[in-house]
2 protein chains.
Amino acid sequence: MPLKHAILGLLNYADMSGYDIDRFFKSSIAFYWHAQTSQIYKELNNLTANHYVESDIVYQSDKPNKKLFHITDEGKVELHRWLADANIDDIMKYKNPLLIKIFFSGNLGIDQTMRLLEKYIQSCAQIIEDMNADINKISEFEAQIEQKDESFFWSMTMTYGFMYYQNEIKWANWCIDKLKERIS
Amino acid sequence: MPLKHAILGLLNYADMSGYDIDRFFKSSIAFYWHAQTSQIYKELNNLTANHYVESDIVYQSDKPNKKLFHITDEGKVELHRWLADANIDDIMKYKNPLLIKIFFSGNLGIDQTMRLLEKYIQSCAQIIEDMNADINKISEFEAQIEQKDESFFWSMTMTYGFMYYQNEIKWANWCIDKLKERIS
DNA sequence: GGTCCCATGTAACAAGTTACATGATTCC
DNA sequence: GGAATCATGTAACTTGTTACATGGGACC
């Protein structure tokens with residue numbers, strides 16, 4: 001569901017090609033939702049079949065031609081239905097592959113568990129760096145669309161990202177300290 | 001992958017029926033991995049087909065008969081292969097449906113966004129309560145299995161749960177404060 | 001008689017992953 | 001000639017969801 005509605009949400013801001021949408025999922029939004037290129041094109045087919053979006057071919061001389069998608073009235077209704085739906089059951093269906101691994105790490109060596117956690121810390125730190133680099137992209141994107149007030153909500157997700165990954169690092173460091181105590 | 005290996009991990013501790021495994025996924029481990037009953041039974045079929053687990057029928061007079069699963073040597077090899085695999089690409093493929101909704105909440109009213117966040121806070125608080133109630137289940141489960149040193153790793157996941165959900169509440173409250181500023 | 005716990009699934013479908021496949025234009 | 005960016009997908013497969021389906025035993 002979220003991918004479908006994220007695409008509708010993007011097309012509600014501006015007309016985009018599959019490539020544009022894919023690029024967006026590879027940048028800012030990637031911190032909250034990861035999606036494959038192939039899945040985006042597949043989902044665009046589904047959305048078209050459901051009459052939530054439509055597309056026109058745009059012929060370009062300097063670049064390959066592209067299919068420009070736009071949201072339909074039906075699509076807007078569906079987007080708002082989803083946004084207004086305050087049911088959070090789906091949201092609470094949490095899945096964390098790292099935690100499953102840690103849970104069973106008693107079968108692994110302490111040193112190997114520590115290495116995994118250290119790798120995780122590095123990845124989280126890298127994401128925080130990437131987010132810092134992406135902060136100005138918000139204003140860039142905002143300049144392209146009509147709605148000028150969006151950045152307020154986008155900043156809430158940005159703040160989430162920083163708080164989340166910092167908290168992950170904090171936890172992983174706590175674990176490493178505890179593991180070190182065990183060795184000595 | 002994680003479900004498959006979580007089941008292998010559980011069967012590595014003790015022989016279990018599909019029902020036992022399901023109950024486990026509905027309790028403690030639910031904070032890190034949510035799974036449907038139907039999916040567990042399906043996955044047990046896959047694991048059997050791959051010779052990672054085997055089962056025997058246990059006839060019970062006071063209760064319905066059951067299929068008791070045990071891990072094979074092949075299954076143990078696969079479990080350790082997965083545990084030792086330090087590749088964290090899959091782990092970093094993050095997906096957060098709430099954040100997607102917040103990202104597009106500019107199309108919604110501020111009051112509706114606040115209500116969603118308040119609901120989320122309540123759900124997180126409820127989970128923290130449930131986790132507190134489940135803390136003693138660790139020692140219960142530990143008493144049932146051979147390995148006595150596991151609780152150390154389980155406490156790392158428990159600590160994660162508390163830190164994670166407290167951080168979620170902190171962020172959501174920050175958002176609500178910011179939204180309130182907007183109204184006044 | 002009703003509810004709860006125990007116990008095991010199937011079928012249809014939706015969502016997500018991996019690998020493959022192609023080809024244009026631009027800039028160095 | 002090669003790398004980077006633009007551009008769009010398909011096929012096979014795995015994973016996860018939703019709805020359905022059944023039935024025994026215990027306890028009140």
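Chain naming here is simple, since letters A, B, ... match the order of the sequence lines and numbering starts at 1 in each. Side chains included, hydrogens not; waters and symmetry mates left out as well; all remaining heavy atoms used.
Using cut-offs of 30° and 60° for the angle between ring planes, the B/Trp154 and A/Phe103 rings count as parallel.
In this structure, B/Met92 places its CE atom 19 Å from C1' of C/dT17, rounding to the nearest Å. In this structure, the CD atom of A/Gln36 is 11 Å from the P atom of C/dA19, given to the nearest Å. A/Tyr41 places its OH atom 17 Å from the C1' atom of C/dT18, with the value rounded to the nearest Å. Atom-to-atom, CG of B/Asp90 to P of D/dT15 comes out at 11 Å; the value is rounded to the nearest Å. Note: NZ (B/Lys26) to P (C/dC5) measures 14 Å, nearest angstrom. We find that CE of A/Met1 is positioned 11 Å from C1' of C/dC13, with the value rounded to whole Å. The distance between atom CG of B/Asp22 and atom C1' of C/dA7, rounded to the nearest whole Å, is 10 Å. Protein atom CD1 of A/Ile57 is 11 Å distant from nucleotide atom C1' of D/dT8, rounded to whole Å.
Aromatic ring centres of B/Phe162 and A/Trp174: separated by at least 6.0 Å. Aromatic ring centres of B/Tyr94 and A/Tyr164 lie closer together than 6.0 Å. Between B/Trp82 and B/Tyr52, the distance from one ring center to the other does not fall under 6.0 angstrom.
Side chain of A/His34, nearest nucleotide from C/dT17, C/dA7, D/dT17: C/dT17. Listed nucleotides: C/dT8, C/dT17, D/dC6. Nearest to the side chain of A/Tyr19: D/dC6.
Among the protein residues, A/Ser17 comes within range of the sugar-phosphate backbone only, with heavy atoms under 4.0 Å from sugar or phosphate atoms but none that close to a base. Contact annotation for B/Lys67: backbone-only contact, meaning every heavy-atom pair under 4.0 Å involves sugar-phosphate atoms and none involves a base.
For A/Lys93 and A/Asn45, each mapped to the nucleotide of DNA chain D holding its nearest heavy atom, the one lying further toward the 5' end belongs to A/Asn45.
The side chain of B/Arg23 contributes no N or O atom lying less than 4.0 Å from OP1 or OP2 of C/dA7. Phosphate proximity of C/dG16 to B/Lys95: present, with a side-chain N or O under 4.0 Å from OP1 or OP2. Between B/Gln39 and D/dG16, a side-chain N or O to OP1/OP2 separation shorter than 4.0 Å is present.
Rotation axes derived from the C1' atoms of the five outermost pairs at either end of the helix from C/dG1-D/dC28 to C/dC28-D/dG1 lie 20° apart, to the nearest 10°.
Electrostatic pairing of B/Arg115 and B/Asp111 counts as a salt bridge here, judged by a charged N lying under 4.0 Å from a carboxylate O.
Heavy-atom contacts from other residues, nucleotides or ligands closer than 6.0 Å to CG of A/Asp177 number more than 12.
Between the side chains of A/Thr48 and A/Asn45, no donor-acceptor pair is found at a separation under 3.5 Å.
When each of A/Asp85, A/Asp90, A/Ile91 is tested with A/Asn87 by the rule side-chain contact (heavy atoms from CB on, under 4.5 Å), just one qualifies, namely A/Asp85.
Nearest heavy-atom pair across B/Pro64 and B/Gln60 is O-NE2, 2.6 Å.
Both A/Leu98 and B/Met92 are members of a single hydrophobic cluster when ILVMFWY side chains are connected at heavy-atom separations under 4.5 Å.
At a cut-off of 3.5 angstrom, counting only N and O atoms as typed in the model, there is no donor on one side facing an acceptor on the other between the side-chain of A/Lys42 and the base of D/dG9. You'll find a donor-acceptor pair under 3.5 Å spanning the side chain of A/Ser38 and the base of C/dT18, going by distance alone.
For the segment residues 58-65 of chain A, the set of residues with a heavy atom within less than 4.0 Å of an atom of DNA chain D comprises A/Gln60, A/Lys63, A/Pro64, A/Asn65, in numerical order.
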